[in-house]
Every structure is written in C-alpha cells, then in structure tokens.
Colleague: 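Let me give you the structure first, and then I'll get to my questions.
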Amino acid sequence: MTLADLAAHLTRDADEKIRWKHVWEFLEEYRWEPAERRLDLLTDEPSPTGEEKWDVLLAALAEHLTARLDQAPPRWSRSRVLATPWFPSSLPSKRMEALVQAPAAFRKHGVYLSARDLEAA
C-alpha cells in the first residue's frame, strides 16, 4: 500500500477507529516491503482526505519514514502543517507521552503522536 492508497482508504472511511486501522495496516505493510522499494511508497502526493488533520498526518508520516531511509522528504509534504496542534488521543497520559516522545517530523507538522504508538502499530 502506498501513502496515496492510504489516503483513498481514509477518504472512504469516516470512522476514526477504522481510519487508524488503515494507518496501522500501512505501517505493517511498509515494514515488510524490501528496503529498496520503501521510498516508492511515499513519493506520490496523496489526494486530500477531506480533513486537514489526516492530510497533515500523511505528510508527517512521509517525512518521518523518509528520514529513517536517510532521504529528503517528498516536496508535497513540506507545506502541510497544522495551525493548531492535533493530539489524536484524548487521554491526558497519552497526550503527555506524545508531547515528550513524538518524532520530530510529527512535531514539525503539528501532529502529536507518540513514537511508541508508531512502533506498536
């Protein structure tokens, strides 16, 4: 699954729990891809999902994963930044964890998701 494919799934499903399942599925499939193919999954600009926070999440994810490949982020990801930070979890303890542990790419885009949540997916 590419990030563009993930965006299509996010557009079709409005339920937040289902959307997160698609994100975790993408991350799982990404981990199983051969290293030489991973960058190809991130380069095409995803279509808008209809919700800015999810569009920005895709940009943060692309930047985070390309950095792990020691590559520059895709051009399309650079302009997607939230004016107001988004904490996907409403639990105070998870919000504090995200403030401390959110990867740099996610903080840069205004999405506060714990690195541990990304690795657990």
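Please read these numbers as outputs of a predicted model, since none were measured by experiment.
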Colleague: Is the shortest side-chain heavy-atom distance between Thr66 and Pro74 below 4.5 Å?
Modeller: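 Yes. Closest side-chain heavy atoms under 4.5 Å.
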Colleague: What's the spacing between Ser89 OG and Glu97 CD if we round to 0.5 Å?
Modeller: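 Rounded to the nearest 0.5 Å, the OG-CD separation comes to 9.0 Å.
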Colleague: Would you indicate whether the side-chain heavy atoms of Leu41 and Met1 approach each other to under 4.5 Å?
Modeller: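 Not touching, per the 4.5 Å side-chain cut-off.
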Colleague: Should Leu27 and Leu61 count as side-chain neighbours, where that means a heavy-atom distance under 4.5 Å?
Modeller: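 A side-chain contact under 4.5 Å exists here.
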Colleague: If you take all heavy atoms of Ser114 and Gln101, which pair is closest and at what distance?
Modeller: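 The pair with the smallest heavy-atom distance is OG-OE1, 3.3 Å.
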Colleague: Once you round to the nearest 0.5 Å, how far does CG of Asp5 lie from NE2 of His22?
Modeller: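 These two atoms lie 11.5 Å from each other.
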Colleague: Report yes if the side chains of Arg80 and Glu45 come closer than 4.5 Å at any heavy-atom pair, otherwise no.
Modeller: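 They are in side-chain contact.
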Colleague: Following the transitive rule for hydrophobic clusters with a side-chain heavy-atom cut-off under 4.5 Å over Ile, Leu, Val, Met, Phe, Trp and Tyr, establish whether Leu82 and Leu99 coincide in one cluster.
Modeller: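 Leu82 and Leu99: separate clusters.
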Colleague: Can you find a heavy atom in the side chain of Arg95 that is under 4.5 Å from one in the side chain of Tyr112?
Modeller: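 Heavy-atom side-chain distance check fails, nothing below 4.5 Å.
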Colleague: Evaluate the criterion side chain to side chain contact (heavy atoms under 4.5 Å, CB included) for residue pair Leu42 and Tyr30; output intermediate values, then yes/no.
Modeller: CA-CA 10 Å; Leu42 310 171; Tyr30 178 86; 4.1 Å; yes
Colleague: Let me see the working for Trp32 and Glu28 under side-chain hydrogen bond (donor to acceptor under 3.5 Å, both in side chains), right down to the final yes or no.
Modeller: CA-CA 7 Å; Trp32 284 97; Glu28 184 64 24; 2.7 Å; yes
Colleague: What's the shortest heavy-atom distance between Ala98 and Leu113, and which atoms?
Modeller: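 The answer is CB-N, 4.0 Å.
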Colleague: Under the salt bridge (charged side-chain N to carboxylate O under 4.0 Å, His left out) definition, can you give me all pairs with a residue in residues 14-24, not counting sequence neighbours?
Modeller: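 Output for this query lists Glu16-Lys53, Arg19-Glu51.
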Colleague: Take Arg68 and Glu63, measure what salt bridge (Lys or Arg N to Asp or Glu O under 4.0 Å) needs, and give me the verdict at the end.
Modeller: CA-CA 9 Å; Arg68 294 178 110 192; Glu63 187 169 329; over 6 Å; no
Colleague: How close do Val111 and Ala102 get, counting heavy atoms only, and between which atoms?
Modeller: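 Residues Val111 and Ala102, closest heavy atoms: O-CB, 4.4 Å.
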Colleague: Please report the closest heavy-atom contact between Val81 and Glu52, naming both atoms and the distance.
Modeller: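 Where Val81 meets Glu52 most closely, the heavy atoms are O-OE2, 3.9 Å.
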Colleague: In a check of side-chain contact (heavy atoms from CB on, under 4.5 Å) between Thr49 and each of Leu6, Asp13, Asp55, which one passes?
Modeller: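 Considering Leu6, Asp13, Asp55, a side-chain contact (heavy atoms from CB on, under 4.5 Å) with Thr49 is found only for Asp55.
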Colleague: Assigning hydrophobic clusters by single linkage (Ile, Leu, Val, Met, Phe, Trp, Tyr; side-chain heavy-atom cutoff under 4.5 Å), is Leu39 placed with Leu3?
Modeller: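 Leu39 and Leu3: one cluster.
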Colleague: Under a 4.5 Å cut-off applied to non-hydrogen side-chain atoms, are Trp54 and Pro48 in contact?
Modeller: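 Not touching, per the 4.5 Å side-chain cut-off.
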Colleague: Determine whether Trp86 and Leu57 make a side-chain contact, defined as any pair of heavy atoms from C-beta on separated by less than 4.5 Å.
Modeller: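 Result yes, sub-4.5 Å side-chain heavy-atom pair found.
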Colleague: Does one hydrophobic cluster hold both Trp20 and Leu58, with members joined at side-chain heavy-atom distances below 4.5 Å?
Modeller: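 Cluster IDs for Trp20 and Leu58 match.
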Colleague: Which value, rounded to the nearest 0.5 Å, describes the distance between Leu91 atom CG and Met96 atom CE?
Modeller: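 CE of Met96 is found 13.5 Å from CG of Leu91.
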Colleague: Going by side-chain hydrogen bond (donor to acceptor under 3.5 Å, both in side chains), name the residues that satisfy it together with Arg12, two or more places apart in sequence or in a different chain.
Modeller: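 Listed in chain order: His9.
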Colleague: Taking all heavy atoms of Pro73 and all of Arg78, pick out the closest pair and write down the distance.
Modeller: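 Residues Pro73 and Arg78, closest heavy atoms: O-NH2, 3.3 Å.
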Colleague: List the atom of Arg31, the atom of Leu118, and the distance in Å for their closest heavy-atom pair.
Modeller: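 Closest pair (atom of Arg31, atom of Leu118, distance): NH2-O, 2.8 Å.
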Colleague: Heavy-atom distance under 4.5 Å between the side chains of Thr2 and Asp44, does that happen here?
Modeller: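 They are not in side-chain contact.
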Colleague: Are there over 12 heavy-atom neighbours, none belonging to Arg75, within less than 6.0 Å of that residue's CZ?
Modeller: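 Not buried by this count: 12 neighbours or fewer within 6.0 Å.
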